[in-house]
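Here is the structure we will look at.
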Amino acid sequence: MSMPDEHTVRAEVRAWLAEHWHPEQDLVEWRGILADSGWGMPHWPRAWYGRGLPVAMSAVVDEEFDAIEAVGVARIGIRLLAGATLLEHGSEAHKRRFLRPILTGEDTWCQLFSEPGSGSDLAGATTRAERDGDDWRINGQKVWTTSAHHAEWGLLLARTDWDAPKHQGLSCFVIDMRQPGVEVQPLKQMNGYASFNQVFFTDAVVPAENRLGEIGDGWKIAMTTLAHERRGADALRRWGQAPARAGRIYDQLRAEIASVLEPYKWYPQRAGRVDLALPRARETGRIADPAVRQELARLLMLSSAAEWLARRARAAHELGRPQGPEGSLGKLAGSEVARQAARVHTLVSDAEALLAGRDGPHDGTIAEILLSVPATSIAGGTDEIQRNIIAERVLDLPREPRLDGGPFRDVPRNPERGR
Amino acid sequence: MSMPDEHTVRAEVRAWLAEHWHPEQDLVEWRGILADSGWGMPHWPRAWYGRGLPVAMSAVVDEEFDAIEAVGVARIGIRLLAGATLLEHGSEAHKRRFLRPILTGEDTWCQLFSEPGSGSDLAGATTRAERDGDDWRINGQKVWTTSAHHAEWGLLLARTDWDAPKHQGLSCFVIDMRQPGVEVQPLKQMNGYASFNQVFFTDAVVPAENRLGEIGDGWKIAMTTLAHERRGADALRRWGQAPARAGRIYDQLRAEIASVLEPYKWYPQRAGRVDLALPRARETGRIADPAVRQELARLLMLSSAAEWLARRARAAHELGRPQGPEGSLGKLAGSEVARQAARVHTLVSDAEALLAGRDGPHDGTIAEILLSVPATSIAGGTDEIQRNIIAERVLDLPREPRLDGGPFRDVPRNPERGR
Amino acid sequence: MRFSFSDEQEQFRAVVRRFLDDHAPPSAARACMASALGHDEAVWARLADDLGASGIHLDEAHGGQGFGQAELGIIMEEMGRALLCAPYFGSAVLAAGMLRHGATVAEQAELLPPLASGARRAALAWVEDAGRWDAAGITLAAGRDGAAWRLDGRKRFVVDGLCADDLLVLARVDGALALFLVAGDARGLARRALEVIDPTRRLAEVDFTATPARRLGADVDVDAGFARLFDEALVALAGETIGGARRLHAEAVEYARLRMQFGRPIGSFQAIKHQLADRLLDIELAAAAVNHAAAALDENDPAVSAFAAQAKAMASEAGMAMAACAIQVHGGIGFTWDHDTHLWYKRAKSSEVLLGTPAWHRERYLAALEANA
Amino acid sequence: MRFSFSDEQEQFRAVVRRFLDDHAPPSAARACMASALGHDEAVWARLADDLGASGIHLDEAHGGQGFGQAELGIIMEEMGRALLCAPYFGSAVLAAGMLRHGATVAEQAELLPPLASGARRAALAWVEDAGRWDAAGITLAAGRDGAAWRLDGRKRFVVDGLCADDLLVLARVDGALALFLVAGDARGLARRALEVIDPTRRLAEVDFTATPARRLGADVDVDAGFARLFDEALVALAGETIGGARRLHAEAVEYARLRMQFGRPIGSFQAIKHQLADRLLDIELAAAAVNHAAAALDENDPAVSAFAAQAKAMASEAGMAMAACAIQVHGGIGFTWDHDTHLWYKRAKSSEVLLGTPAWHRERYLAALEANA
């Protein structure tokens with residue numbers, strides 16, 4: 001099958017939009033039409049709500065949507081990570097059942113991978129899935145789960161074989177979050193926000209048909225999800241805003257975005273709000289202090305260079321070249337930027353850095369920065385793990401001796417927690 | 001045996017000095033008298049050139065020597081490390097043969113521990129000592145050997161058993177450096193100085209009686225030497241200067257000190273010459289630059305705090321308390337001070353930092369600092385090794401998994417070098 | 001110059017630590033954070049009764065114990081370790097210290113005993129809207145009503161200012177610093193709690209509107225007195241910071257020993273053990289600077305202002321680095337509200353800024369060195 | 001704005017690298033260091049003949065290749081990687097660049113071709129005794145002998161100034177910058193080699209005593225021209241530094257893979273692997289800044305001075321950090337004369353200072369940002 005050229009694709013999508021798009025229709029209804037047409041996820045296969053186009057062509061389609069501010073399928077939050085995972089590893093039945101409500105935004109999903117005992121060491125999960133007739137019984141605890149409190153479905157990583165080596169004893173399941181054996185509790189952060197949840201499983205049930213892939217495939221499947229997650233920041237930036245236009249569908253979209261983004265509202269503070277540094281240094285007059293200027297210059301240099309490095313990675317990707325070290329370095333650069341931003345905000349705010357809330361500088365935003373930045377070097381993989389990845393996968397330095405081989409049952413690990 | 005009190009000791013040494021000391025005698029002759037009297041090393045046992053006094057009482061004796069500027073036994077350089085090691089691990093015959101000429105300064109010694117293949121991992125030495133009738137045949141290469149080119153004797157760590165575990169297959173020897181199988185080559189540093197030597201052994205001979213301790217005791221014995229070495233910096237500061245007085249013995253002492261200290265003459269530059277920082281910042285006018293002031297203040301704070309930390313360690317030691325973490329931290333602090341000093345000297349010298357020799361600032365001293373400081377965090381144990389020691393021995397954090405157990409023959413190691 | 005603590009001082013430290021372990025566990029700090037007052041009056045009372053803490057450094061004639069900055073430093077360090085919530089720094093260190101150096105002998109005899117006994121609490125108000133910590137930031141000019149004095153204006157960042165029975169206020173009279181006493185219930189006095197980043201240390205904003213004030217220390221050089229008090233406060237706060245940093249360090253080490261990842265305790269990874277070694281070095285260097293500055297205060301060393309600035313700068317940086325490291329070593333859990341690490345993190349952050357940032361003190365340090373050379 | 005190199009640029013890089021691998025191994029650098037001239041004339045000639053290196057960025061009309069700062073950056077990076085000893089930076093970048101921006105069209109047509117072909121070499125003398133790198137440091141006032149110009153005074157830190165056939169000199173005429181050409185054999189010209197920390201890059205001190213000089217660019221804004229040249233030189237030098245840093249990084253990684261201690265390659269210890277990861281990040285960030293600044297030069301971005309300062313500051317810091325790390329990873333052997341690491345260390349150190357320290361450029365960067373905002 002030969003690939004259509006950009007011109008043809010543009011013409012087709014434009015014609016289709018001209019026929020179907022209008023801003024007064026219902027969001028879910030429109031997305032249903034969109035999903036069925038394949039224009040919502042044009043790089044997905046034709047059989048599953050796509051048109052089998054190359055990824056690069058998706059950008060072309062997006063441009064046409066943007067040009068008339070047409071609303072796309074639901075693309076932010078965990079749900080699309082689940083969608084991509086199901087597309088790759090799900091059965092026919094899974095895809096039929098789950099993909100469409102993901103794209104229409106009807107179903108909310110959450111990701112149930114991390115555990116209190118396995119943070120950096122995700123494969124050390126000890127939540128257990130045990131056979132119970134045709135079902136699986138789930139017992140254990142997950143943590144750092146965004147949106148678990150309003151999710152219909154969860155993508156669950158659980159241990160099915162304690163005698164297999166660590167990475168081989170895990171399986172992946174789709175779990176119904178609205179059942180008695182699943183309890184969701186918000187987890188409050190030191191900055192006062194409760195963006196995440198803890199999820200407790202007590203004899204929760206997963207029917208046999210909701211296992212994803214083969215038994216023991218859990219690690220491989222989770223890696224697919226995480227690979228998509230790493231690109232998630234781009235999606236958030238790209239799709240995290242609704243056009244400032246009137247229309248029923250825009251109102252619905254704004255409500256959806258507000259709900260999905262709620263847990264992320266302190267993320268800009270976590271990243272250090274570099275944008276505020278120079279304006280505030282001017283406002284406060286601290287820009288006249290040469291010591292402040294040195295630190296401010298360091299921050300702005302570091303942050304712009306990190307942005308250029310990321311763009312270089314994207315440019316290389318778009319040219320179809322293998323991704324260089326830039327991708328793996330971005331996370332580490334982000335930690336450095338956030339730390340330096342906190343330093344600068346402290347210097348610039350001076351005594352005012354003691355204050356928070358309405359008394360605090362920039363209506364409390366500076367205080368939020370100072371209390372959020374420490375999460376940057378932990379969330380999504382600690383700095384230490386990033387350095388290991390860079391050293392081992394980019395620089396090809398020898399791995400450390402592993403002490404967690406053999407049957408997982410015998411691997412030294414943290415005590416499992418009771419409720 | 002009851003310990004004499006300070007008053008008694010003072011009176012005794014004063015009387016003895018009054019009788020024997022005069023500055024026109026020959027240095028070696030005087031030290032012979034001194035060694036035989038026991039007043040040269042008062043805390044050594046009476047049987048071996050000492051008086052069996054407690055260490056604290058040595059300070060009292062030193063004060064009496066200082067008061068009249070009487071010359072002591074030879075205490076700087078490697079020789080006294082060898083002396084202390086022989087005193088602890090040598091046989092009667094060794095002590096009789098070697099100790100006295102060490103104290104009189106007649107014999108010069110060097111330490112033959114480090115190898116090109118075993119830097120941080122001293123116990124990985126592969127210089128081999130093999131039985132040859134009643135003798136031992138030595139083959140291999142040592143490095144970082146101070147004063148090897150004019151040493152009479154060397155304290156050698158060599159492998160005698162390749163089937164024993166790493167630390168247990170080593171033995172210690174006293175080797176005659178003036179023999180055909182020993183070749184000494186100077187090792188030039190990046191700063192232009194050649195303070196160290198490489199020593200090559202090709203079927204060099206050690207007679208059976210010159211083995212120190214038992215076969216396999218080498219590591220334990222080397223540790224004794226290194227423990228004394230760690231206190232060596234104090235000795236250098238204390239005994240590295242002769243009184244500026246006339247007298248035959250002072251002339252001889254000055255010559256000896258100059259010879260022993262020759263390899264160490266760039267050590268102050270290696271440590272960063274903190275003393276020059278503030279004066280030069282004033283001279284150059286760079287002290288007016290607030291960014292320079294910040295870095296200068298950091299340096300002076302760090303360096304004075306490191307000095308107070310070291311004094312605290314000494315004060316605790318003198319009070320007989322167990323040494324706190326201060327001792328182990330000093331080396332790491334020294335690296336930090338040296339690095340920051342290099343930063344400050346660069347900032348203060350600005351364009352002049354490009355210049356060396358007669359064109360260079362402070363007659364080339366600044367250039368020497370900039371080219372010597374990198375050695376600080378390596379020589380005498382790298383920063384990385386220091387952090388391991390602090391973490392494991394001071395903080396009691398768990399050790400890393402060891403991969404060098406079992407017969408040394410099978411331990412992965414660097415290829416041995418030919419000539 | 002002394003370089004280590006005496007046995008008596010170490011015993012005193014053990015007594016203070018035992019008291020605080022018993023009376024000020026982290027759960028108590030959380031309760032105080034959530035309370036209106038911000039501290040526990042019962043613990044405050046016992047602090048005075050059992051330990052004589054508030055008067056440790058005050059003259060015996062004024063109901064104090066007659067010790068020096070070293071012993072005050074031990075108390076501050078232990079309070080920082082325990083994260084005690086109490087108006088100790090505001091009342092015993094800042095206000096009582098200002099009376100010692102800025103009031104007449106008679107006024108001290110009158111006003112210090114109730115502070116030494118903890119029966120009353122005072123707070124020192126000197127910083128204004130510009131947020132400058134040194135004397136140059138004090139611009140409020142005291143006004144006169146005949147023989148009486150009155151104050152008009154605003155003071156901010158008043159440590160423990162809301163629960164204080166009396167306020168000591170620094171203002172200007174004919175350009176020079178002057179010290180005033182304002183009763184907590186004086187007319188024209190309005191106090192309000194500032195929203196703070198560190199809920200374990202309360203700060204107030206105080207407005208004066210024709211507020212009657214009693215002038216103290218008429219024949220005293222209040223400028224010099226404030227300079228001395230400021231050095232003492234820097235060293236005391238630095239000591240508190242060291243105490244918190246040592247606690248966080250010990251807890252991070254303990255966690256690193258127990259927490260397993262990849263089949264090993266995380267403390268067996270160099271990435272963790274080397275950070276902890278580096279942080280120990282920071283802390284020990286800063287502690288050496290704090291001890292040195294305390295000794296310099298006790299011995300009236302002329303270079304004391306340089307040493308005090310050094311102590312504050314080094315302790316603040318070591319404290320913040322340790323707080324960040326503690327969260328990092330604990331991983332995600334260290335960033336949660338229910339885990340105690342953030343309580344010390346917030347204190348470290350507020351102590352970094354309170355009385356001036358490390359950068360400002362580096363500048364002051366160098367200026368003091370130059371002035372002294 | 002472009003964010004990655006084109007395939008053609010990557011091919012060009014490969015050609016340059018192959019040439020330098022063949023003609024400028026470290027042993028050649030050592031030979032040049034020890035030689036009187038400081039470089040190898042045969043390599044210099046082939047650099048021009050085989051690669052057209054000296055004219056890469058010059059107009060085709062002047063015998064150049066008509067490429068931009070990006071391609072010049074590739075050459076500089078590869079020269080930094082190889083540690084080529086040659087008067088390239090002094091002649092092709094500084095002197096030829098100054099002619100491009102400070103001479104008239106006719107003068108360029110006369111003077112640039114022999115520089116583009118490498119047949120002649122020029123050097124740019126602008127820094128004076130104060131060691132200031134920017135125009136503010138240029139105080140030497142040109143004198144007049146009737147219609148003729150003469151120079152009296154001293155210039156220092158003249159890069160490749162001893163082997164130059166001609167000197168370009170920046171001086172002041174009526175307060176404004178003016179450009180002068182001085183023949184290498186002019187009377188009253190005295191040149192001497194400065195003793196330098198980095199023997200792979202020669203610097204000269206030049207004394208003028210009533211030295212006849214030809215004024216160039218009479219109708220050109222030399223102040224603006226020098227500003228532009230300075231930005232170009234910063235970016236070129238930063239590129240060179242990146243090249244050296246990348247080489248040292250690759251060698252340290254290789255050594256860490258092979259060197260065994262404690263039964264393991266040292267590269268398997270986090271203490272080593274994490275430093276190497278951090279240094280890679282520094283280098284990649286700095287390289288991104290250098291590429292961005294080169295593109296900004298090629299596109300005449302108005303903010304180019306900020307970007308050039310950023311490139312220099314970041315590359316200098318990344319370069320020094322990498323040089324120190326390279327020695328550290330190699331351990332004692334890395335500090336020896338016979339090991340090559342110190343050659344790059346010295347270059348990194350001299351490049352940190354040449355054209356201004358990172359701290360100075362941070363200040364310039366912020367000033368440029370403010371001016372541009």
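Labels below follow one simple rule: chain letters A, B, ... track the order of the sequence lines, proteins then strands, and each chain is numbered from 1.
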Using heavy-atom distances under 4.5 Å, tell me whether [X] contacts chain C through its side chain, its backbone, both, or neither.
X      : value
A/L370 : both
A/D383 : both
A/I385 : side chain
A/R339 : neither

Between [options], which shows the greatest number of heavy-atom pairs under 4.5 Å with chain A?
options                        : answer
C/R264, C/Q328, C/H342, C/E363 : C/Q328
C/K349, C/E195, C/R132, C/K346 : C/E195
C/P265, C/G334, C/G332         : C/G332

Can you confirm whether [X] sits close enough to [Y] that some side-chain heavy atom of one is under 4.5 Å from a side-chain heavy atom of the other?
X      : Y      : value
A/M190 : C/Y345 : yes
A/E400 : C/F269 : yes
A/K188 : C/D338 : no

### Task
Carefully, step by step, assess C/T336 and A/F196 under the rule side-chain contact (heavy atoms from CB on, under 4.5 Å).
CA-CA 10 Å; C/T336 58; A/F196 303 105; over 6 Å; no
Please classify the contact of [X] with chain A as side chain, backbone, both or neither, using a heavy-atom distance under 4.5 Å.
X      : result
C/Q275 : side chain
C/A326 : neither
C/D129 : backbone
C/R156 : side chain

Contact summary for [X] and [Y], nearest pair of heavy atoms:
X      : Y      : value
A/W144 : C/I333 : CZ2-N, 3.6 Å
C/W337 : A/Q189 : CE3-O, 3.4 Å
A/E384 : C/A271 : CG-CB, 3.7 Å
C/W133 : A/A351 : CZ2-CB, 3.6 Å

Rounded to the nearest 0.5 Å, what separates atom [atom1] in [X] from atom [atom2] in [Y]?
X      : Y      : atom1 : atom2 : result
C/Q261 : A/D404 : CD    : CG    : 10.0 Å
A/I378 : C/I327 : CD1   : CD1   : 6.5 Å
A/T382 : C/I272 : OG1   : CD1   : 7.5 Å

### Message
Strictly distance-based, threshold 3.5 Å: is any side-chain N or O of A/D359 a donor or acceptor partner for the main-chain N or O of C/L194?
### Response
no
### Query
Ring centroid separation for C/F335 and A/W266, is it under 6.0 angstrom?
yes
### Query
For chain A, which residues from residues 350-359 of chain C lie under 4.5 Å away (heavy-atom distances)?
C/S350, C/E352, C/V353, C/L354, C/T357, C/A359
### Query
Can you list the steps and then say if A/E352 with C/F157 is a side-chain contact (heavy atoms from CB on, under 4.5 Å)?
CA-CA 9 Å; A/E352 303 281 326; C/F157 306 105; 3.9 Å; yes
Heavy-atom pairs under 4.5 Å with chain C are the metric here; pick the option from [options] that has the most.
options                        : value
A/G119, A/P412, A/G357, A/G192 : A/P412
A/G405, A/G124, A/P374         : A/P374
A/D350, A/V411, A/V292         : A/D350
A/A379, A/A353, A/A291         : A/A353

### Message
Run A/L354 and C/L203 through side-chain contact (heavy atoms from CB on, under 4.5 Å) and show every step you take.
### Response
CA-CA 9 Å; A/L354 287 161; C/L203 301 177; 4.0 Å; yes
